[in-house]
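Lettering of chains follows the sequences in order, A, B, ..., and the numbering in each one begins at 1. Keep in mind that the numbers below use all heavy atoms, side chains included, and drop hydrogens, waters and symmetry copies.
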There are 2 protein chains.
Amino acid sequence: MSAKSKRKSTRPSRGQAGAGSRRVTLAQVAEAAGVSRSAASFVMTGRTDQRISEETQARVRSAAATLGYRPDVTSQILRTGQSGTIALVSEFVASTPYANRIIGAALDQARKHDTVMFIAETLGEKDTEERLLHNLLDRRVDGFVYASMFTQNVTIPDVLRGVPLVLLNCCASDDRVPMVIPDEVGAGRTAAQALLRHGHRDRIHYIGGPTSDFRGGPEWGGRVGTAVLDRLAGVKEELAHANLRLAGISETDNWEPRNGREAVANLLAHGTRPTALICANDRLAFGAYQALAAAGLRIPEDVSIVSFDHSDLAGWLQPSLNSIALPHEEMGALAVDLLMSEKPRTGKHAIRMTLHQGNSISTPHPS
Amino acid sequence: MSAKSKRKSTRPSRGQAGAGSRRVTLAQVAEAAGVSRSAASFVMTGRTDQRISEETQARVRSAAATLGYRPDVTSQILRTGQSGTIALVSEFVASTPYANRIIGAALDQARKHDTVMFIAETLGEKDTEERLLHNLLDRRVDGFVYASMFTQNVTIPDVLRGVPLVLLNCCASDDRVPMVIPDEVGAGRTAAQALLRHGHRDRIHYIGGPTSDFRGGPEWGGRVGTAVLDRLAGVKEELAHANLRLAGISETDNWEPRNGREAVANLLAHGTRPTALICANDRLAFGAYQALAAAGLRIPEDVSIVSFDHSDLAGWLQPSLNSIALPHEEMGALAVDLLMSEKPRTGKHAIRMTLHQGNSISTPHPS
DNA sequence: GTCAAGGGCTAACCCGATATAGCAGTCGGG
DNA sequence: CCCGACTGCTATATCGGGTTAGCCCTTGAC
């Protein structure tokens, strides 16, 4: 009853209890219907170029139904070279709670295309990645979604040359590959707009730099994310458009609540009193909430906050946080669609990030 | 370059660019080494019962290496009936951020067993589930981990009869199936102990009943969770052991921050002043933090809090939350181990839930 | 009555591996 | 000198389907 059986001791299981036993084969269906295997195959695959009488077709189909016939996908793959299987390969998308709604949407979309999806995690290790990719190719996977936890530039592994491929939440220099990425610049503009609309002008602070590249901590392999730069660039653009600029940028090593807390506490300790904060993600915003509460400042009356990600956290906070959604579901679904699409739709597909209303923004009350 | 090709128009791809092309076959290796396919196969599979001279073995291996031979897993499966593949099937584990660290651990463990793992999500729909299971069986999956988002009783689908199976975070009446579940009763006792140790006695409140069955909202298919009952039962047991009992239980429809907030606000509004709260999960505890802050009460000086799950949230809160971990990683890994284990280890495997220290508990200050 | 066209099917091969039976050659013993 | 045992390998069947070539039979036209 174990899933593992040493290959050595395994004889092609016959009648043995287990996942592979007691399957009805096409030959049995053919025999029951009194036709040849070929005829049965024609009927089951619905080949129209082969002439089988309606009556025979009915006999075969009924035999298949009564016997509970299900074709063995393995042998179909062997013959056709097509597995009806795709794979989603990432470093941490499935195993961490940050971007994993991607998974649900991708699985769902794959199902709509009548395809099964493998999910593999490389943990950011190049050799693990190569082993996994090889293994999947050995199983005749039809195509790959190559996904990343956070938006970044990647190098496409050599093994994937010539294989149908879509990049998800990451970019490569090769423009013939379809890529799905969030429109971070647009999101930055949206964030700035939301504050400008309420009359915030020159005391808007940004939390969550750094202005230069963001490197993930050791757990993310120390790689460089691009979302950081783009969010900030969008904010600056929109402000510049109104002849304004950020009052300041608080660079943080990481994007956890602790970092937001410390950054805001620091601002306040130095006598800086922003009217609004733009936080690079909801966790930083959470930290900002904590620091402001500790200082006796109210949100949004004293300080307005807008943030990015629209994770569950945004709805948990009080007041609820205005946050610009990272459209993970949409991205996952589109990536699979692109992979299954007949005509290649190469290049970058930027997904719009939309602002989810909360109660963390109001007009500034000059103190 | 698309992953989808209509079967009708597909001829067995030869030399065509794509995932299945240009593979080196065993026959080519055999020819290059000047031996028969059989001999090459014996060498590659390392069969010791067949006699092949060291010299020939070396020739075959070197030929395989130079040609970059990789066995076609599909045909191996067809012949051996063993796919080296398992599947983790759940309703929402992979696609929601609550229990998905299970996935990472399971994938990791599968990899250690040199096995690839399919992940499938049924969204709680019985017909979707059946389609998925059939599809996976058609691919000769060696075994299944049948997992659930939250601990509950399930009925094992008929399709899985006779197939290697492990239940993860759920229980069935059939005792011949290995089941991995968290020790919720023990966790309840641990929670109570933590408070008793600090001298809390008769003003301990529990947030997050109900005392009867917990039914998930529509998004969880309205099914009954058992964790609820067990956590509470453990708490009561431990208190009873010290001749104490809960001062009260606040039943909540759901386990979100809002529910915790309202429950605690309600308590306080009615003049009830607990010295300690036991919250059924971290999100409820978060709500409790908010309600207590709004009432000007401090944690832990005025009210101590202990909770369950030890999600990231516990570390984000200030003061950090004492929370009893739901050992998702451990559970995912053990489930895969049990599935791959040679000798069946049937029945329930309760995983200990351990308290992670925070700063949310102190000795009660009588007011 | 003969032949071509087409309808309705079957035989045989193929995908790429594993598994089993058996065949040449060598060596040692009687 | 013959036989058996052993070594080292090959030929062939097999897994479960898909695909191609071609066979037989009927029909209709000439």
Side-chain angles (χ1 to χ4, degrees), chain A residues 5-14 20-31 33-60 64 67 69-84 138-140, chain B residues 7-15 20-31 33-60 64 69-84 138-140:
Chain A
S5 315
K6 296 272 182 287
R7 275 279 160 78
K8 313 181 176 191
S9 63
T10 304
R11 57 191 63 235
S13 56
R14 303 261 86 231
S21 68
R22 292 213 183 290
R23 289 193 64 94
V24 177
T25 70
L26 185 59
Q28 291 171 36
V29 172
E31 195 186 0
V35 295
S36 69
R37 277 204 347 263
S38 319
S41 173
F42 295 145
V43 173
M44 297 315 291
T45 50
R47 282 188 51 167
T48 49
D49 58 327
Q50 293 287 335
R51 298 160 299 228
I52 307 283
S53 69
E54 286 297 338
E55 192 205 319
T56 305
Q57 291 191 31
R59 271 214 320 284
V60 172
L67 292 176
Y69 170 70
R70 298 187 58 90
D72 182 323
V73 177
T74 304
S75 55
Q76 290 181 317
I77 299 173
L78 181 58
R79 187 65 236 253
T80 63
Q82 225 86 44
S83 67
D138 293 347
R139 281 159 209 278
R140 294 284 170 96
Chain B
R7 276 278 159 81
K8 314 181 172 191
S9 63
T10 305
R11 58 192 63 235
S13 56
R14 300 262 89 230
S21 67
R22 293 212 181 292
R23 290 193 65 94
V24 177
T25 70
L26 185 60
Q28 291 172 38
V29 172
E31 195 185 2
V35 296
S36 69
R37 280 202 343 263
S38 318
S41 173
F42 294 146
V43 175
M44 296 315 292
T45 50
R47 283 187 52 165
T48 49
D49 58 327
Q50 292 288 334
R51 295 159 303 227
I52 307 284
S53 68
E54 285 298 337
E55 191 204 322
T56 306
Q57 291 192 32
R59 271 213 321 285
V60 171
Y69 170 71
R70 297 187 60 89
D72 182 321
V73 176
T74 303
S75 56
Q76 288 181 318
I77 298 173
L78 181 58
R79 186 66 237 251
T80 63
Q82 225 87 44
S83 66
D138 292 346
R139 282 157 207 280
R140 295 284 171 94

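Straight-line distance from the CD atom of Q82(B) to the P atom of dA17(C): 18 Å, rounded to whole Å. Separating the CD atom of Q28(B) from the P atom of dA17(C) is a distance of 9 Å, rounded to the nearest angstrom. Distance, L78(A) CG to dC13(C) C1': 13 Å, rounded to whole Å. Atom CG in D49(A) sits roughly 13 Å away from atom P in dG18(D) (whole-Å rounding). In this structure, I77(B) places its CD1 atom 14 Å from C1' of dG17(D), rounding to the nearest Å. In this structure, I52(B) places its CD1 atom 14 Å from C1' of dT18(C), rounding to the nearest Å. Put simply, CD on E31(A) is 13 Å from P on dA11(C), counting in whole angstrom units. At whole-Å resolution of the value, CE in M44(A) and P in dG18(D) are 9 Å apart.
Taking five base pairs at each end of the helix from dG1(C)-dC30(D) to dG30(C)-dC1(D) and finding the rotation axis that steps the C1' atoms of four pairs onto the next four gives two axes whose angle is 80°, to the nearest 10°.
Across all non-hydrogen atoms, the minimal contact from V24(A) to L67(A) is CG2-O, 3.2 Å. Across all their heavy atoms, Q57(A) and I52(A) have their closest contact at NE2-O, 3.0 Å.
Distances shorter than 4.0 Å separate some side-chain N or O of T56(A) from OP1 or OP2 on dC9(C). Note on R79(A): every side-chain N or O is 4.0 Å or more away from OP1 and OP2 of dT19(D). One finds no side-chain N or O of Y69(A) lying less than 4.0 angstrom from the OP1 or OP2 phosphate oxygen of dG16(D). Phosphate contact (OP1/OP2 of dG18(D), side-chain N/O of Q76(A), threshold under 4.0 Å): present.
Residues passing the side chain to side chain donor-acceptor pair (under 3.5 Å) test with T56(A), sequence neighbours excluded: S53(A). Remark: E54(B) engages no residue in a salt bridge (Lys or Arg N to Asp or Glu O under 4.0 Å) (not counting sequence neighbours). Residues forming a side chain to side chain donor-acceptor pair (under 3.5 Å) with R47(A) (at least two apart in sequence, or on another chain): D49(A). Under the rule for a salt bridge (Lys or Arg N to Asp or Glu O under 4.0 Å), the partners of D72(B) that lie at least two apart in sequence or sit in another chain are R140(A). Taking the side chain to side chain donor-acceptor pair (under 3.5 Å) definition, one finds that S36(A) meets it with nothing, sequence neighbours left out. Applying the side-chain contact (heavy atoms from CB on, under 4.5 Å) test to A27(A) and every residue at least two apart in sequence or in another chain returns T25(A), R37(A).
Other residues, nucleotides and ligands contribute more than 12 heavy atoms inside 6.0 Å of the CD atom of Q50(A).
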Nucleic acid footprint by protein, nucleotides 21-28 of chain D - heavy-atom cut-off 4.0 Å, B for base, S for sugar-phosphate alone: --------
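Using a 4.0 Å heavy-atom distance criterion, V73(B) is classed as making no nucleic acid contact. If you check every strand for non-hydrogen atoms under 4.0 Å, L26(A) touches sugar and phosphate atoms only. Residue S41(A) is classed as a base contact, given a heavy-atom separation below 4.0 Å to a base. Using a 4.0 Å heavy-atom cutoff across all strands shown, T74(B) reaches no nucleic acid atom at all.
Side-chain atoms of T45(A) lie closest to dG18(D) of the nucleotides dT10(D), dT10(C), dG18(D). In this structure, the nucleotide among dA19(C), dG16(C), dT19(D) sitting nearest to the side chain of S75(B) is dG16(C). Residue S38(A) has its side chain nearest to dT19(D) when only dT18(C), dG18(D), dT19(D) are considered.
The closest donor-acceptor contact from the side chain of R139(B) to the backbone of S83(B) lies at 3.5 Å or more, if one exists at all.
Mapping A40(A) and R37(A) onto DNA chain C by nearest heavy atom places A40(A) closer to the 5' end of the strand.
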